[in-house]
Amino acid sequence: MRADHSKHTTFGAGLSRRRLLLTGVGLVVAGVLPRTARAQAEAQRLIASPGRAQVAPAGYPQTEVWAYDGVVPGPTLRLRQGERLDLVVENRLEEPTTIHWHGIRLPNEMDGVAHLTQAPIQPGESFHYSFDCPDAGTFWYHPHFRSFEQVERGLAGALIVEEAEPPQVDRDLLWVLDDWRLTEEAAIAEDFGAFHDISHAGRLGNSATINGRSPEPLAVRPGERLRLRLVNVANARVFGLNFEGHAPSIIAWDGQPVAPHGLPDGRLMLGPGMRADLIIDMTGGPNETFAVTDSFYPNQTYRLVDIAYEAEVVREESLGAVPSLPANPVAEPDLEAAERHDLIFAGGMMGGMTGAELDGRQVSPRELMQHGLAWTVNGVAAHDHDHRPMLSLDLGRSYVLTLRNDTAWPHPIHLHGHVFRVLSRNGRPTPHGEWQDTVLLMPQEEVEIAFVADNPGDWMLHCHILEHQLGGMSGVLRVA
Ligand code: C2O
Ligand code: CU
């Protein structure tokens, strides 16, 4: 495994230097050391500590953040499919932490959920994470302890598992999308877990960043084919991206290959926790500029970043059809034999919730609010470290879950330890049956997912709007 600290080279620096660096990393690290030598090498360390970063645009002061290895986002961890991630995480924060490896199908004790799969890593202590990465794709890592604050302060990074034979592209780029709530002095606003955020859309910020920085134009060349990996690490912001003048193809959702297809309604919808891999042919002409806009929230469209063409044409002829990624070794659910369950997500403002179960007792919405809670799954509001399973699944059996969003808000629902096929939305089969680990449910939407419960342990299922998770929209599936 290697940690790539050169991620900012995809921005700002001259194109040719960037290309060299990216190529260089691939050659030196993936190519030269024999596999066994790499596996036996001493585990690398990743340090969580306070730090500073230029999050706001130039001209503003630096922001005090919490960072992995001093950078925001954390270093991009790169492995090849089937390789083992071996990493000692050292906690130099003043509070406990953990790391969850979002989307990786790993053994339960490596899943990084504080109080469920491991004890929190105390300040000054460390924890050795070690697991194989069975699936190629775009994943990410973040704390699973007070994540509504720790992720917001900057603790998040990408984890890229490379295919044995990646598709041919000119450049493989990563955009870690984030959204920060900054004060005038570019400090992170300290109102973490405010009840208004819990009970409404989550903590929406005022400063979108790409790879931890205020977006600078992406320099491209006419004729280039790019692979663009997007990771939404924001606490709450859903991105709905339009690529003006371009026709990107989605080749993977949440790291899992999908038959290449265009953006539905021309927009890439990416809820918190979600990833997408795109192939974009740069069909613009020399010196042209195009906008990438985010139009998810009504009447709040803004220009996220520009695509700025340089003069030099890379190729005149088109590259032809977008290649598909090779499938990952995910078990196919048996839909005939599958056992079915419903999960109903309720609560929030404008939701008309009548009551909830809290710590095994029926309580009124008012009492729920007094505990800082606003949401339920199947009538239960998850509280503190109450990790009693809401469903027990048989190891090896196929399941179809109907996820119903009975609220006025969108919710990206994430399942740990597994990936699932999205079978239908509002009763209509999805055209691609995409594999995902986080599925965005729009208000009042009903989505069917299917998977084989093939990974034993207690696994979280929760909304990845971190304030909703904090506010009760969370539960545990036991696979045994
Ligand atoms: Cu990305 Cu339970 O989290
Ligand atoms: Cu939610």
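None of the values given here were measured: they were computed from a predicted structure. Note that ligands are numbered from 1 as they come in the structure, with each ligand's atoms numbered from 1 the same way.
- A side-chain donor-acceptor contact under 3.5 Å links Asn328 and Gln81.
- Side-chain contact check for Ser424 and Glu448: at least one donor-acceptor pair (N or O, by modelled atom type) lies under 3.5 Å.
- Only protein N, O or S atoms were scored, and 3 of them lie under 2.8 Å from atom 1 (Cu) of ligand 1.
- Around the Cu ion (ligand 2), the protein contributes the following N, O or S atoms under 2.8 Å, ordered by chain and number: His411 ND1, Cys463 SG, His468 ND1.
- Between the side chains of Thr97 and Asn91, no donor N or O sits under 3.5 Å from an acceptor N or O.
- Using modelled atom types and a 3.5 Å distance limit, the side chains of Ser130 and Arg84 yield a donor-acceptor pair.
- Between His371 and His383, the angle of the ring planes goes over 60°, which puts this pair in the perpendicular group of the 30/60° scheme.
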* Show your reasoning for whether salt bridge (Lys or Arg N to Asp or Glu O under 4.0 Å) applies to Arg153 and Glu94. => CA-CA 13 Å; Arg153 287 192 186 273; Glu94 281 173 7; over 6 Å; no

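- Arg275 and Thr138 share no donor-acceptor pair across their side chains, judged by distance under 3.5 Å alone.
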Could you give the side-chain donor-acceptor pairs of residues 455-464 under 3.5 Å, partners two or more places apart or in another chain?
unit_1 : atom_1 : unit_2 : atom_2 : d
Asn455 : ND2    : Leu106 : O      : 3.0
Asn455 : ND2    : Gly417 : O      : 3.1
Asp458 : OD1    : Arg478 : NE     : 2.8
Asp458 : OD2    : Arg478 : NH2    : 3.0
Trp459 : NE1    : Asn455 : O      : 2.7
His462 : NE2    : His144 : NE2    : 3.4
His462 : NE2    : His416 : NE2    : 3.4
His464 : NE2    : His102 : ND1    : 3.2
His464 : NE2    : His142 : NE2    : 3.4

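- Qualifying salt bridge (Lys or Arg N to Asp or Glu O under 4.0 Å) partners for Glu90, counting only residues two or more places apart in sequence or in other chains: Arg45, Arg92.
- When distances from atom 2 (Cu) of ligand 1 to the N, O or S atoms of His416 are compared, NE2 comes out shortest.
- Note on His462: its N/O/S atom closest to atom 2 (Cu) of ligand 1 is NE2.
- By the 6.0 Å contact criterion, CD on Gln362 is enclosed, its count of non-hydrogen atoms from other residues, nucleotides or ligands being greater than 12.
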